[in-house]
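Below is one structure, written out as structure tokens; the observations come after it.
If you're wondering where the values come from, they're calculated on a predicted model, not measured in any experiment. Just follow the structure's listing: the first ligand is 1, and inside any ligand the first atom is 1. Hydrogens, waters and symmetry mates play no part in the numbers below; they use all other heavy atoms, side chains included.
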Amino acid sequence: RPRVLSGIQPTAGSFHLGNYLGAVRQWVALQESHDAFYMVVDLHAITVPQEPADLRANTRLATAQLLAAGLDPERCTLFVQSHVPEHAQLAWIMNCLTGFGEASRMTQFKDKSARQGSDRASVGLFTYPILQVADILLYQANEVPVGEDQRQHIELTRDLAERFNGRFGETFTVPKPYILKETAKIFDLQDPSIKMSKSASTPKGLINLLDDPKATAKKVKSAVTDTDTVIRYDTDLKPGVSNLLTIYSTLTRTGVAELEEKYAGKGYGALKTDLAEVMVDFVTPFRERTQQYLDDPETLDSILAKGAEKARAVAGETLAQAYDRVGFLPAK
Ligand code: TYM
């Protein structure tokens, strides 16, 4: 079975609809066909300041949401990044193979550091993508299921894998991004020119999966569309409507063409009312399942302990090989 690896930050508390449709939904599907490794990236989380108690709680909360979304610890390896020390160890080697200018060109860093101010932004934030490279290479992943915003980090991963292999001999699998075109980028409901995100979206444009379903329904009903009334998928001319159609289509597994047909001659109101219902039907059980997992932290922690053990077996082997290739003297 080919291998996939991906990660999600725990910082946000509730996952948003972009996280789910852009990434987590694919993770659930891929555990059937692939040897799948999924992790909550707490090391990445501390690249910006975190309250320790919140970080711990959010790491469990992220795990509970991943299980509620359908990850099955019998079918995939689910773990927390800091439980596997090899991530930080390989990241150091990768740091030493990355050019300063190369790291400076990472657009997510540029955006995030611009938002924080360059004096506030940590060196950890600067090397964030390189830790992500280590995450992926440690598992010899063939594919990395993510949203469009992670593409540049996967490109860097490919570059560094090839660089290491070229310099020290074949060691790492060169991974490919696994990005589904339809859901690669879910947009803000109030401003369909920007992606849905915790940091950039307005509260009304952001669907948090754990919010009160009634509030979510309201956000869908007040989503920005356009002055025309035709329900048609056209990302250039009708970005708002197209975003709603994408969401509707993926949540109900109905083709966009079929939806266009269903709503021919009907107004935006009908589409939004129905989508609001679809969304409520999705988030209500998701919230309940998340709460059930949270109510049982012992089970949660034992799932993560097993996951860490499985992850370390793979990561440890890769790291040992990389250490050897680099020329570190074995500790006897
Ligand atoms: P994070 O936590 O920001 O986001 C998790 C996943 O959600 C996707 N995503 C979206 N997809 C579509 N539309 C959106 N509006 C949207 N917003 C977020 C992201 O693309 C991502 O797949 N750096 C990563 C975490 C990471 C990682 C890794 C991923 C760390 N190590 C190794 C893959 C492999 C991140 O911050 O994701």
- From the options D188, D211, D212, select the one residue that forms a salt bridge (Lys or Arg N to Asp or Glu O under 4.0 Å) with K219. D211

- Task: Report yes or no: do Q132 and H153 form a side-chain donor-acceptor pair below 3.5 Å?
- Result: yes

- Message: So if I apply the salt bridge (Lys or Arg N to Asp or Glu O under 4.0 Å) rule between D301 and each of R56, K306, R60, which one comes out positive?
- Response: R60

- Task: Apply salt bridge (Lys or Arg N to Asp or Glu O under 4.0 Å) to E86 and list each qualifying residue two or more places apart in sequence or on a separate chain.
- Result: R312

- Do the ring centers of F164 and F172 come within less than 6.0 Å of each other? yes

- Task: Write out the protein residues near ligand 1, meaning a non-hydrogen atom under 4.0 Å from one of its atoms, in order of chain and number.
- Result: L5, S6, G7, I8, Q9, H16, G18, N19, G22, A23, M39, V41, H44, Y128, Q132, D135, I136, V144, V146, G147, D149, Q150, T183, A184, K185, I186, K195, M196

- Query: Do Y38 and F79 have ring centres separated by under 6.0 Å?
  - Reply: no

